[in-house]
S.K.: 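My structure is below; once you've seen it, I'll send some questions.
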Amino acid sequence: MKSFDDRVAVITGAGSGIGRALALSLAGRGAQLAISDVDDRGLAETVGLVKRAGAREVRSDHLDVADRAAFTAYAAAVAEQFGRVNLVVNNAGVALAGDLEDLEYADMDWIMGINFWGVVHGTKEFLPHLIASGDGHLVNISSLFGLVSMPGQSMYNAAKYAVRGMSEAVREEMLVAGHPVGVTVVHPGGIKTAIARNARYSAKEDGAESARFFDQKLARMTPEKAAGIILKGVETDKARVLVGIDAHAVHHLAKLLGSRYQDVFADRAKRIAPTKVV
């Protein structure tokens, strides 16, 4: 996709963070927008911002991406309103921290419903419209933790690895079928968003301290810069986009070490991770 001008772009999780930054950037490049979130207040703020940025047309919806029936109806309504869909960014995501033995099944279902099934829903429901557009592109947001695993992030890792695997297979399917749809999987490192502050934690995790640690030590890049890197990846039809120096460094270190990276990361986590609640 060489230009976003007059393209119809769908973005989930657009109420803040990377989703909002993508919406703002695309609005400034002449795109028509269909944006959604479960955060109605944040979504309304994004609507105001993109309108001031010059968005040609904006549709906003309260959408729980884990709700399959709701997503099916949403995709149909977007396609009917705009007549086509050119770009889909499955961005909505949440976090869950804690050792697997300490996690509750309800929280595990919650994160998989949003981070994995939400991306599956967005991919499957919009893929026919992307194909029909003749100039479609699918962007699925995975994570650095979709390339390497981290202690205390087992279910987040599981969801993000699954997004990567599913998306790469879909890209191959588009190539085999000769469909005019690009597929990009994005692996951000630490981005300055509210994901850690809005996360769920096991009973043994100090959620406030973990969020502070993420915000102060790990979140290095602004959402606006991340959005620029992602859209550049779409313009150049990249299959994989790593966002941030930390993402590149950790990914390449893990490739260099092979499976031994797990021992190195575990040792590092013992040294720097926030203390657990006893």
S.K.: Between S142 and K160 (side chain of the first, backbone of the second, donor and acceptor by atom type, cut-off under 3.5 Å), is there such a pair?
M.R.: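 Present.
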S.K.: Crowded around R268 CZ? As in, over 12 foreign heavy atoms under 6.0 Å?
M.R.: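 No, not enclosed.
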S.K.: Examine the side chains of N140 and S167 and answer whether a donor and an acceptor come within less than 3.5 Å of each other.
M.R.: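 Result is yes, a qualifying pair exists.
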S.K.: What closest approach, in Å, do V38 and L63 show between heavy atoms, and which atom pair accounts for it?
M.R.: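 Smallest heavy-atom distance, with atoms named: CG1-O, 3.3 Å.
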S.K.: Give a yes or no on whether a salt bridge exists between D237 and R171, defined as a side-chain N under 4.0 angstrom from a carboxylate O.
M.R.: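 Looking at R171 together with D237, the answer is no, because their closest N to O distance does not fall below 4.0 Å.
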S.K.: So, does S210 use its side chain to make a donor-acceptor pair with the main chain of G207 at under 3.5 Å?
M.R.: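 Such a contact is absent between S210 side chain and G207 backbone.
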S.K.: Answer yes or no: is there a donor N or O on one side and an acceptor on the other, between the side chain of R260 and the main chain of L256, under 3.5 Å?
M.R.: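 Absent.
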S.K.: Going by ring-ring contact (aromatic ring centres under 6.0 Å, His included), name the residues that satisfy it together with F4, two or more places apart in sequence or in a different chain.
M.R.: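 Here no residue qualifies.
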S.K.: Does CD belonging to E104 count more than 12 external heavy atoms closer than 6.0 Å?
M.R.: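 Counting neighbours around CD of E104, 12 or fewer heavy atoms of other residues, nucleotides or ligands fall under 6.0 Å, so no.
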S.K.: Can you confirm whether more than 12 heavy atoms, excluding those of I245, are under 6.0 Å from its CD1 atom?
M.R.: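 Not buried by this count: 12 neighbours or fewer within 6.0 Å.
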S.K.: I'd like to know if the side chain of N91 reaches the main chain of I11, judged simply by a donor and an acceptor atom lying under 3.5 Å from each other, with no hydrogens or angles considered.
M.R.: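 No; judged by distance alone, with no hydrogens or angles, the pair does not exist.
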S.K.: Taking I131's backbone N and O only, do any of them form a donor-acceptor pair with H179's side chain (distance below 3.5 Å, no angle check)?
M.R.: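 Checking the backbone N and O of I131 against the side chain of H179, no donor-acceptor pair under 3.5 Å is found.
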S.K.: Tell me whether N157 contacts the main-chain N or O of M150 through its side chain, where contact means a donor paired with an acceptor under 3.5 Å.
M.R.: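 Yes.
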S.K.: Tell me which one of R29, R56, Q32 satisfies side-chain hydrogen bond (donor to acceptor under 3.5 Å, both in side chains) with D5.
M.R.: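 That would be R56; it is the only one of R29, R56, Q32 passing the side-chain hydrogen bond (donor to acceptor under 3.5 Å, both in side chains) with D5.
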S.K.: Looking at D37 and R20, does any basic side-chain N land under 4.0 Å from a carboxylate oxygen?
M.R.: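 No.
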S.K.: Suppose the criterion is ring-ring contact (aromatic ring centres under 6.0 Å, His included): which pairs have a residue in residues 240-268, not counting sequence neighbours?
M.R.: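 Matches after skipping sequence neighbours: Y261-F265.
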